[in-house]
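One structure below.
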Amino acid sequence: MEKTLVMSASSPPIVRVLPDPQRLAEAAAEYLIESAHRAISTQGGFSLGLAGGSTPKMLYQLLSEEPYRGRVDWSAVEVFFGDERCVPPDHPDSNYRMAYESLLSRVGLGVDRIHQMKGEIDPEQAAREYDALLESRFGAEGLDLLLLGLGEDGHTASLFPGTPALHETTRRCVAQFVPNSTTGPSWRLTLTAPFINRCREVLMLVAGAKKASVVDRVLTGPNDPDHLPVQRVAPESGRLIWMLDAAAAGMSEP
Ligand code: 6PG
């Protein structure tokens with residue numbers, strides 16, 4: 001069951017619906033591998049931004065094992081993060097820890113090719129450092145591929161409704177205190193919409209019936225980016241792809 005919906009937008013996103021979380025992870029893995037091959041063959045390297053939360057974990061575990069692992073030249077991959085909770089890298093809430101345990105520690109990536117958002121230091125300092133890293137590494141461009149998730153409140157990365165980061169127009173990474181984040185009141189580091197929208201490809205990964213309502217509002221409802229921050233994700237010249245499982249697409253079996 002694959003259904004492709006092309007939504008009306010300046011650069012219409014492609015929406016693919018997969019039957020279940022396993023097939024969603026497999027489809028995302030295939031897409032990421034193709035994206036990596038394209039980037040590595042044309043420019044010699046692949047810059048990949050990882051999403052946090054729980055949804056991408058199955059994808060990361062899949063990529064860390066054969067037959068997927070050997071299909072990526074991991075020595076040519078450079079890893080960045082879409083956002084981070086301001087906690088130490090070994091904290092259970094750390095997006096870095098989740099990615100490291102499920103993928104990065106298993107594919108032989110050199111530590112110099114993993115760019116952690118430093119959740120363990122002062123948030124504003126960490127944001128300044130990451131912003132400077134992104135500017136020096138990408139200039140006016142963005143990542144080759146950025147993975148993003150979607151919260152039930154319409155947030156993506158750590159761009160939560162009603163937070164200052166939604167209105168950032170120049171910096172690539174900012175820190176902000178989020179009173180009602182998915183991990184409770186917490187400081188967060190996040191990529192901003194201007195940088196996200198300079199990425200060549202953005203892949204939204206959404207699974208589970210709990211997301212069906214927000215997916216429907218985001219993809220078929222009115223434009224309301226203050227209340228639905230993920231609607232700010234609209235790559236300037238890049239490609240936006242949504243991959244949903246049937247439950248998140250509101251198509252799960254009755
Ligand atoms: C985070 C993520 C966040 C996540 C959504 C969905 O730090 O929490 O970056 O944006 O993608 O909250 O999370 P789940 O995949 O756990 O539903």
Side-chain angles (χ1 to χ4, degrees), residues 18 20-22 24-25 28 32 48-62 79-89 91-104 115-120 123 126-127 130 143 145-163 165-166 168 172-193 195-196 199 202-215 217-219 225 227-233 240-245 247-249:
L18 289 305
D20 55 52
Q22 176 66 25
L24 174 64
L32 187 151
L48 170 63
L50 298 181
S54 57
T55 302
K57 192 168 181 178
M58 190 181 286
L59 164 62
Y60 299 164
Q61 288 167 336
L62 211 56
V79 167
F80 298 80
F81 288 82
D83 73 325
E84 186 55 275
R85 295 84 179 271
C86 292
V87 295
H91 189 284
D93 285 349
S94 168
N95 287 335
Y96 169 85
R97 172 175 162 175
M98 183 275 285
Y100 186 80
E101 289 178 346
S102 56
L103 176 62
L104 304 180
H115 302 288
Q116 175 214 352
M117 289 183 171
K118 293 180 183 171
E120 67 273 28
Y130 216 78
L143 296 160
L145 175 63
L146 174 62
L147 306 179
L148 288 175
L150 175 65
E152 292 178 59
D153 61 358
H155 81 264
T156 192
S158 281
L159 300 171
F160 285 84
T163 58
L166 298 187
E168 177 59 44
R172 297 161 176 79
C173 179
V174 296
Q176 66 174 359
F177 180 74
V178 181
N180 54 349
S181 86
T182 45
T183 53
S186 69
W187 274 91
R188 294 291 187 99
L189 299 167
T190 186
L191 298 183
T192 61
F195 181 75
I196 290 171
C199 293
V202 178
L203 175 55
M204 298 292 313
L205 276 181
V206 190
K210 288 181 179 176
K211 304 289 177 74
S213 170
V214 68
V215 165
R217 288 164 55 208
V218 168
L219 291 181
H227 294 99
L228 297 170
V230 71
Q231 288 184 335
R232 289 179 183 279
V233 176
L240 173 58
I241 309 97
W242 284 70
M243 288 192 184
L244 311 170
D245 72 353

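Note that the structure is predicted; figures quoted are calculated from it, not measured. We use all heavy atoms of the structure for the numbers below, so side chains are in, but hydrogens, waters and symmetry mates are not. Start at 1 and go down the list; that is how both ligands and their atoms are numbered.
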Name the closest protein heavy atom to [atom], giving the residue it belongs to and the distance to 0.1 Å.
| atom | answer |
| --- | --- |
| atom 15 (O) of ligand 1 | T55 OG1, 2.6 Å |
| atom 11 (O) of ligand 1 | G149 CA, 3.3 Å |
| atom 17 (O) of ligand 1 | K211 NZ, 2.7 Å |
| atom 8 (O) of ligand 1 | R85 NH2, 2.7 Å |
| atom 9 (O) of ligand 1 | D83 OD1, 2.6 Å |
| atom 13 (O) of ligand 1 | G53 CA, 4.0 Å |
| atom 6 (C) of ligand 1 | L150 O, 3.5 Å |

Problem - Nitrogen or oxygen of H155 less than 3.5 angstrom from that of ligand 1 - result: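 Yes; at least one N/O pair falls below 3.5 Å.
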Donor-acceptor contacts, no H, no angles, side chain residues 174-183, under 3.5 Å, sequence neighbours left out:
from, atom 1, to, atom 2, distance (Å)
Q176, OE1, T163, OG1, 3.4
Q176, OE1, A165, N, 2.9
Q176, NE2, S158, O, 2.9
Q176, NE2, T163, OG1, 3.1
S181, OG, T183, N, 2.9
S181, OG, T183, OG1, 3.0
S181, OG, G184, N, 3.4
S181, OG, G184, O, 2.5
S181, OG, S186, OG, 3.1
S181, OG, R188, NH2, 3.3
T182, OG1, R188, NH2, 3.0
T183, OG1, S186, OG, 3.4
T183, OG1, R188, NH2, 3.2

Handout entry: ligand 1 contact on N95 by region, counting heavy-atom pairs under 4.0 Å
Key = side chain
Practice task
Examine the proximity of ligand 1 to S54 and report which part, side chain or backbone, both or neither, has a heavy atom under 4.0 Å away.
Solution key: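 S54 to ligand 1: contacts from backbone and side chain alike.
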Under 4.0 angstrom from ligand 1, any heavy atom of [X]?
| X | value |
| --- | --- |
| E84 | no |
| A157 | yes |
| K210 | no |

Exercise for the section: Apply side-chain contact (heavy atoms from CB on, under 4.5 Å) to the pair L191 and L148, showing each step before the final yes or no. Expected result: CA-CA 11 Å; L191 298 183; L148 288 175; over 6 Å; no
Exercise for the section: Rounded to the nearest 0.5 Å, what's the gap from CD on E84 to CD on Q116? Could you check? Expected result: 7.0 Å
Practice task
To the nearest 0.5 Å, tell me how far L219 CG sits from L150 CG.
Solution key: 8.5 Å
Per-pair distances, 0.1 Å, donor-acceptor, side chain in residues 53-62, under 3.5 Å, sequence neighbours excluded:
from, atom 1, to, atom 2, distance (Å)
Y60, OH, A51, N, 2.9
Y60, OH, A51, O, 2.7

Handout entry: Parallel, tilted or perpendicular, as decided by the 30° and 60° cut-offs, for the rings of F80 and Y130
Key =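 Rings of Y130 and F80: perpendicular, over 60°.
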Exercise for the section: Evaluate the criterion side-chain contact (heavy atoms from CB on, under 4.5 Å) for residue pair L104 and L50; output intermediate values, then yes/no. Expected result: CA-CA 11 Å; L104 304 180; L50 298 181; 4.1 Å; yes
Exercise for the section: Go through ligand 1 atom by atom and flag the ones less than 4.0 Å from a non-hydrogen atom of T182. Expected result: 8 (O), 12 (O)
Practice task
Using side chain to side chain contact (heavy atoms under 4.5 Å, CB included) as the criterion, point out the one residue from L143, V202, L240 that pairs with I196.
Solution key: V202
Practice task
Look at the side chain of D153 and the backbone N and O of P161, then say whether any donor-acceptor pair between them is shorter than 3.5 Å.
Solution key: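 Answer holds: no.
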